[in-house]
Amino acid sequence: MRGRFAPSPSGRMHLGNVFSALLAWLSARSQDGEFLLRLEDLDERCQNPGASARLCEDLQWLGLTWDGDPMVQTSRTGVYEKALEVIGKRAQLYPCFCSRADLHAASAPHASDGTPIYAGTCRGLTTEEVMERSRNRKPALRVAVPYETVSFDDIHCGHVEQNLARECGDFVLRRSDGVFAYQLVVVVDDAALGIDEVVRGDDLLSSTPRQIWLQKLLGLPTPAYAHHPLLLAADGRRLSKREHDCDMGWIREHADSPEAVIGQLAAWAGLIMKPEPVAAEELVEEFNWSRVRKDPVILTAIPWT
Ligand code: GLU
């Protein structure tokens with residue numbers, strides 16, 4: 001059995017990222033599984049020098065060990081290019097010239113995660129129209145989705161169903177700046193690493209049906225999924241790396257030990273009663289998804305202040 005943690009090294013990890021890493025690590029280790037690390041570093045605009053090294057060092061400090069060398073996505077663009085070619089043979093890919101403002105037009109219906117469902121504006125462009133528009137603007141590449149319902153049973157959230165055309169819409173596989181989209185690379189890389197179980201925040205629950213659909217198009221296996229509740233700031237916002245909301249730099253200055261941090265996270269998750277110091281290793285034997293809470297954790301007070 002093989003699990004993974006796939007953070008974007010765009011800054012120092014915050015408590016929410018570490019919460020995710022802990023649950024993914026516990027789930028894999030409690031099944032005697034391997035645990036792999038993948039640094040999702042494709043988006044150069046978000047990269048931050050030294051962030052990958054710090055991320056690895058922070059995980060080590062917490063006792064969340066991984067097997068082998070981390071996978072790095074920037075070295076794999078040829079592989080993504082090939083996957084895109086295969087998808088192009090089995091589904092319709094088309095250039096999309098819509099601007100952010102076009103996509104967020106007030107009338108657009110929205111998916112459950114708040115992103116607008118693409119109206120299909122560029123799906124029917126003629127070759128001449130594509131050539132004409134390409135003069136002024138670099139297009140993104142979208143894949144046309146069928147009117148098809150994808151369903152799966154999440155280990156933590158239960159049965160999930162999504163109609164791709166109605167609830168997701170045609171989605172981007174390569175951005176207009178040439179960067180391969182997360183939805184594509186996550187599918188290619190989880191398969192390349194032989195991942196059997198994906199553990200991640202439930203903000204990505206609505207992405208999973210389209211990822212499963214891509215797996216089928218590419219002839220790749222579908223791993224098991226466990227989406228966990230998020231840690232939210234007191235006002236209900238998501239924690240963000242940009243705002244240094246309790247990031248690992250701050251935490252390591254204020255918390256007494258890695259065990260103090262793990263104990264707090266485990267208590268939030270519902271794995272232990274009180275936030276007492278505990279090593280991650282000590283939680284492995286008792287770990288079970290049925291013990292993990294289902295509702296978000298609201299950080300009304302940050303510990304260690
Ligand atoms: N890099 C993505 C993130 O940090 C990974 C999501 C996933 O685990 O699939 O949100």
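The side-chain contact (heavy atoms from CB on, under 4.5 Å) test with Leu141 singles out one residue from Leu184, Leu93, Val172, and that residue is Leu93.
Ring-plane geometry between Trp304 and Trp250 is classed as tilted, the angle between the planes lying from 30 to 60 degrees on a 0 to 90 degree scale.
Shortest non-hydrogen contact noted between Ser206 and Gln162 is O-NE2, 3.2 Å. A pairwise comparison of heavy atoms in Ile262 and Ala279 identifies CG2-C, 4.2 Å as the closest pair. In terms of heavy atoms, Glu129 sits closest to Thr126 at OE1-N, 2.8 Å. Considering every non-hydrogen atom in both Leu23 and Ala269, the closest pair reads CD2-CB, 4.3 Å. The shortest heavy-atom contact between Ser27 and Trp289 is OG-NE1, 2.9 Å. Nearest approach of Leu64 to Ala280, heavy atoms of both residues: CD2-CB, 3.8 Å.
Put simply, the side chain of His156 reaches to within 4.5 Å of the side chain of Pro229, judged on heavy atoms. At a threshold of 4.5 Å between non-hydrogen side-chain atoms, the residues Leu42 and Val185 count as touching. Taking the side chain as every heavy atom from C-beta outward, Lys216 and Val150 never approach each other to under 4.5 Å. Taking 4.5 Å as the limit, some side-chain heavy atom of Arg4 sits within range of a side-chain heavy atom of Val198. Between Thr121 and Phe97 there is no side-chain heavy-atom pair separated by less than 4.5 Å. Annotation: side chain of Ser99 is in contact with side chain of Asp102 (closest heavy-atom distance under 4.5 Å). The closest side-chain heavy-atom distance from Phe171 to Tyr118 is not below 4.5 Å. Two residues are said to be in side-chain contact when any heavy atoms from C-beta on lie closer than 4.5 Å; Phe180 and Leu84 meet this criterion.
Atom CG in Leu55 sits 4.5 Å away from atom CE in Met13 (nearest 0.5 Å). Expressed to the nearest 0.5 Å, how far CZ of Arg137 lies from CD of Glu132 amounts to 14.0 Å. Distance check, rounded to the nearest 0.5 Å: SG of Cys168 to CG of Asp113 gives 9.0 Å. Here CG of Leu39 is found 10.5 Å from CG of Asp69. Values are rounded to the nearest 0.5 Å. Note that CE of Met71 and CD of Glu40 are 10.0 Å apart. Values are rounded to the nearest 0.5 Å. Distance check, rounded to the nearest 0.5 Å: CE of Met248 to CZ of Arg54 gives 11.5 Å.
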*Stepwise side chain to side chain contact (heavy atoms under 4.5 Å, CB included) test for Leu271 and Glu286*: CA-CA 8 Å; Leu271 297 171; Glu286 297 276 297; over 6 Å; no
*Give the C-alpha distance, both sets of side-chain angles, the deciding distance and a yes or no for salt bridge (charged side-chain N to carboxylate O under 4.0 Å, His left out) between Arg2 and Asp67.*
CA-CA 10 Å; Arg2 213 175 253 180; Asp67 300 299; over 6 Å; no
*salt bridge (charged side-chain N to carboxylate O under 4.0 Å, His left out) between Asp202 and Arg238: does it pass, once the steps are laid out?*
CA-CA 12 Å; Asp202 63 13; Arg238 281 208 223 143; over 6 Å; no
*Report the C-alpha separation of Lys82 and Val79 in whole Å, then their side-chain angles, then the decisive distance to 0.1 Å, and conclude whether the side chain to side chain contact (heavy atoms under 4.5 Å, CB included) test is met.*
CA-CA 5 Å; Lys82 283 211 187 84; Val79 181; 5.8 Å; no
*Could you check Phe287 against Val284 for side chain to side chain contact (heavy atoms under 4.5 Å, CB included), going step by step and ending with a plain yes or no?*
CA-CA 5 Å; Phe287 179 80; Val284 170; 5.9 Å; no
*asked:* Evaluate Phe152 against Thr222 for side chain to side chain contact (heavy atoms under 4.5 Å, CB included), listing each step before the verdict.
replied: CA-CA 10 Å; Phe152 68 102; Thr222 292; 6.0 Å; no
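No more than 12 heavy atoms of other residues, nucleotides or ligands lie within 6.0 Å of CD in Glu281, so this atom counts as exposed by the packing criterion. Applying the 6.0 Å contact sphere to CG of Asp235 captures more than 12 heavy atoms from other residues, nucleotides or ligands. Other residues, nucleotides and ligands place no more than 12 heavy atoms under 6.0 Å from the NZ atom of Lys138.
Salt-bridge formation is detected for the pair Arg174/Glu81: a Lys NZ or Arg NE/NH1/NH2 atom is positioned less than 4.0 Å from an Asp or Glu carboxylate oxygen. Using a cut-off of 4.0 Å between Lys/Arg side-chain N and Asp/Glu carboxylate O, Asp43 and Arg175 are scored as salt-bridged. Between Arg252 and Asp58 a salt bridge is recorded (basic side-chain N to carboxylate O distance below 4.0 Å). For Asp154 and Arg200, the salt-bridge test fails: no basic side-chain N is under 4.0 Å from an acidic carboxylate O.
The side chain to side chain donor-acceptor pair (under 3.5 Å) check on Ser290 picks up Asn288, with sequence neighbours excluded.
Connection of Leu214 to Leu220 is established within a shared hydrophobic cluster, with ILVMFWY side chains joined at heavy-atom distances below 4.5 Å, either directly or through further cluster members. Taking hydrophobic clusters as Ile, Leu, Val, Met, Phe, Trp and Tyr residues chained together by side-chain heavy-atom distances below 4.5 Å, Leu125 does not share a cluster with Leu173.
Judged purely by distance below 3.5 Å, without hydrogens or angles, the side chains of Asp153 and His159 pair a donor atom with an acceptor atom. Side-chain atoms of Glu161 and Thr149 include no donor-acceptor pair closer than 3.5 Å. Ser20 and Asn17 share no side-chain donor-acceptor pair at under 3.5 Å.
In this structure a side-chain-to-backbone donor-acceptor pair under 3.5 Å is missing from Asp190 to Ile195. Using a distance-only test at 3.5 Å, with no hydrogens or angles considered, a donor-acceptor pair links the side chain of Ser30 to the main chain of Leu26. Proximity of a side-chain donor or acceptor of Glu167 to a complementary backbone N or O of Asn163 within less than 3.5 Å is detected. Although no hydrogens or angles enter the test, the distance criterion places a donor-acceptor pair under 3.5 Å between the side chain of Arg293 and the main chain of Trp268. The main-chain N or O of Val130 is found under 3.5 Å from a side-chain atom of Ser134 such that the two form a donor-acceptor pair.
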